[in-house]
Amino acid sequence: MGKKTFISKVEAVLEKRRLAKEDIIFLLELEKKEELEKIFCRADKIRKELIGDDVFIRGIIEFSNYCRNECLYCGLRRQNPGLKRYRMAAEEIIDTAIDGVKRLGIKTILLQSGEDDSYDDGKIEMIIKGILRDCDCRIALSIGERGVDSYKRFYMAGARRCLIRFETSNKKLFGEMHPASSASKNSFDDRVRLIMELKKMGYQTGTGPIIGLPGQGVDDLAESIIMLNKLNADMAGMGPFIAHPRTPLAGEADGGIEMGLKMIAVTRICCKDIFIPATTALQSLDNENGVERALKAGANVIMPNITPKRYRELYEIYPGKANIHDEADRCVESAKDAIRSAGRDIGEGYGDVKRRAIEEKEGQQGS
Ligand code: 5AD
C-alpha cells in the first residue's frame with residue numbers, strides 16, 4: 001500500500017507540465033529500480049516524440065593536452081607535471097578530420113583541447129577553413145574560454161557549434177574548483193556570459209555540469225538543469241565526476257553512473273528537445289552498457305573519439321577513460337553498435353539542433 005502511494009507520487013510529478021526545483025530534486029533522489037524505470041521511460045518517450053529516433057554521431061579530435069588552467073578536477077591541469085604533453089600539428093588535425101568525414105562517414109567534427117594559447121586565433125581559423133575546404137561537415141569547438149572576438153572570427157571561418165560547460169551551477173563551488181591563474185580569472189560570471197554571447201553569435205551551444213563534483217549537492221544539480229533551460233542551451237553536455245589520482249581531488253568518490261543517468265533523464269524531461277550526449281565519462285563508468293543505457297534514458301548523441309591512437313592515453317582528463325586503446329574505426333563502430341542495440345537509427349544528417357520555443361515545448365509536455 002505504502003509503496004503504491006509512493007509510486008504514484010513519482011507519476012504525479014512526471015505528469016506535471018513544468019517541474020519546480022523541489023520536483024527535480026525529488027526525482028534526482030529516487031533510488032529504487034522501478035522508480036528509476038519510470039523516469040527513464042518518461043524521458044525516452046519525450047525524446048521520441050520531440051526529436052525522434054535518430055542518434056547523431058560527433059567525432060572528437062583531442063588535439064592538444066596542454067592547458068594553462070588549474071581546474072582541481074582535471075588531469076590536464078597545468079600542475080600535473082607527470083603528464084607527457086602533446087600538440088597535434090594543424091595539418092595532422094585537418095587530415096584526421098578529413099579521414100573521419102570521408103572514410104568514417106562522420107558529419108560533425110568536434111575539436112577539443114586544453115586551454116592552449118599556442119594555437120592562436122589565426123591557427124584555429126586556419127584549421128577550421130582547412131577542414132571545410134576539403135570536406136562537407138559541421139565543426140564544433142571545445143577549446144575553452146576565448147574572447148568574443150575570437151569566437152566571432154571562428155564563426156566567420158565556418159564553425160557553427162561550441163561546447164563550453166559551466167561545470168557547476170554553484171558559483172562558490174565554481175570559484176573553489178577553478179583557481180584564477182596568470183592567464184585567466186576563471187570566474188563563473190565570465191563563463192556564463194561567454195555562453196550567452198556564443199548563443200547570440202549564432203552558435204549551437206552545448207554546456208552543462210560535471211555530475212557529482214565533491215561538494216556539490218543534489219540542490220546544485222537541480223539548479224544545473226534549471227540553468228540549462230535559462231541559457232536555452234542547445235546541448236546538455238554532462239558526465240559523472242571521476243577522480244584523477246594526480247589532482248587535488250584524488251581519492252574522492254566518483255559521481256556514479258546512476259546519478260549520471262538520472263541527470264540525463266530529468267534534463268530530458270525538463271528541457272524537452274535539447275540534445276543530450278552519452279558522454280565518455282558516463283561510458284567510462286560502465287564500459288559494456290553505459291552508452292546504450294544513456295540512449296534509453298533520454299540521450300540522442302554519441303561522441304566517439306577519432307584522435308590518432310598514439311595520443312589517446314595522454315588526454316587523461318580522468319583515469320579509466322573509455323576507448324583509449326581503440327582505433328577511430330572501432331570507436332565509431334561501437335557507437336553504431338550501441339545505437340542499434342538500443343533499437344535506434346543512426347542519424348544521417350548533420351544533426352543540427354533546432355530547439356523549439358519554450359512556450360511551444362510546454363504545450364507539448366503533459367499532453
Ligand atoms: N571527471 C569528469 N569530467 C571531467 N572533466 C574534466 N575533468 C573531469 C573529471 N575528473 C570534464 C569537464 C570538461 C570536460 C572536457 O571534461 O567538464 O569541460
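Sequence positions, counted from 1, serve as the residue numbers for this chain.
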Shortest non-hydrogen separation from [X] to [Y] and the atoms involved:
X	Y	value
Leu72	Leu249	O-CG, 3.7 Å
Pro319	Ala243	CD-O, 3.2 Å
Arg153	Gly122	NH2-CA, 3.4 Å
Gly144	Glu115	CA-OE2, 3.3 Å
Gly351	Arg58	O-NH2, 2.9 Å
Asp190	Ser187	N-OG, 3.0 Å

Short side-chain donor-acceptor distance under 3.5 Å, Arg161 and Thr108: yes

Does a donor on one side chain sit under 3.5 Å from an acceptor on the other, for Asn80 and Glu316? no

Would you kindly confirm whether [X] and [Y] end up in one hydrophobic cluster when ILVMFWY residues are joined by side chain heavy atoms under 4.5 Å apart?
X	Y	result
Leu163	Ile210	no
Met196	Val148	yes
Ile306	Val301	no
Ile60	Leu132	no
Ile127	Tyr151	yes

Should [X] and [Y] count as an ion pair when the cut-off is N to O under 4.0 Å?
X	Y	result
Glu258	Lys262	no
Lys38	Glu34	no
Lys45	Glu49	yes
Arg310	Glu92	yes
Asp273	Arg47	no

Would Arg330 and Glu333 count as a salt bridge (Lys or Arg N to Asp or Glu O under 4.0 Å) here? Give the steps. CA-CA 5 Å; Arg330 179 76 212 106; Glu333 263 327 299; 5.8 Å; no

Separation of [Y] [atom2] from [X] [atom1] (nearest 0.5 Å):
X	Y	atom1	atom2	result
Gln204	Lys199	CD	NZ	8.5 Å
Cys271	Ile226	SG	CD1	9.5 Å
Thr96	Met88	OG1	CE	3.5 Å
Ile57	Glu348	CD1	CD	9.5 Å
Leu261	Leu36	CG	CG	9.0 Å
Arg344	Ile302	CZ	CD1	8.5 Å

Is the ring centre of Phe56 less than 6.0 Å from the ring centre of Phe275? yes

Are Phe63 and Tyr311 side-chain neighbours, meaning at least one heavy-atom pair lies under 4.5 Å? no

Worked verdict on Tyr350 versus Asp136 for side chain to side chain donor-acceptor pair (under 3.5 Å): CA-CA 10 Å; Tyr350 297 115; Asp136 179 27; 2.6 Å; yes

Output, in order, the C-alpha distance, side-chain angles, deciding distance and verdict of side-chain contact (heavy atoms from CB on, under 4.5 Å) for Met303 and Thr279. CA-CA 7 Å; Met303 302 175 156; Thr279 52; 5.7 Å; no

With distance as the sole test, does [X] use its side chain to make a donor-acceptor pair with the main-chain N or O of [Y] at under 3.5 Å?
X	Y	answer
Asn323	Asp326	no
Ser169	Asp220	yes
Thr307	Glu62	yes
Asn65	Lys84	yes
Arg42	Leu14	yes
Arg85	Leu76	yes
Thr205	Asp234	no
Arg103	Ile98	no
Arg165	Gly237	yes
Gln216	Gly212	yes

Would you sort out whether Leu228 and Phe166 count as a side-chain contact (heavy atoms from CB on, under 4.5 Å), showing the intermediate values? CA-CA 9 Å; Leu228 284 165; Phe166 52 75; 4.1 Å; yes

Taking it one step at a time, do Tyr318 and Thr280 satisfy side-chain contact (heavy atoms from CB on, under 4.5 Å)? CA-CA 10 Å; Tyr318 44 78; Thr280 311; 3.6 Å; yes

State which residue, out of Arg78, Lys123, Arg87, fulfils the salt bridge (charged side-chain N to carboxylate O under 4.0 Å, His left out) condition with Asp116. Arg87

Using a 6.0 Å cut-off, check whether atom [atom1] of [X] has over 12 heavy atoms from anything other than its own residue.
X	atom1	answer
Glu313	CD	no
Lys21	NZ	yes
Lys185	NZ	no

Evaluate the side-chain contact (heavy atoms from CB on, under 4.5 Å) criterion for residues Arg160 and Tyr155: first the C-alpha distance (whole Å), next the side-chain angles of each, then the deciding distance (0.1 Å), finally the verdict. CA-CA 6 Å; Arg160 287 293 175 270; Tyr155 193 91; 3.4 Å; yes

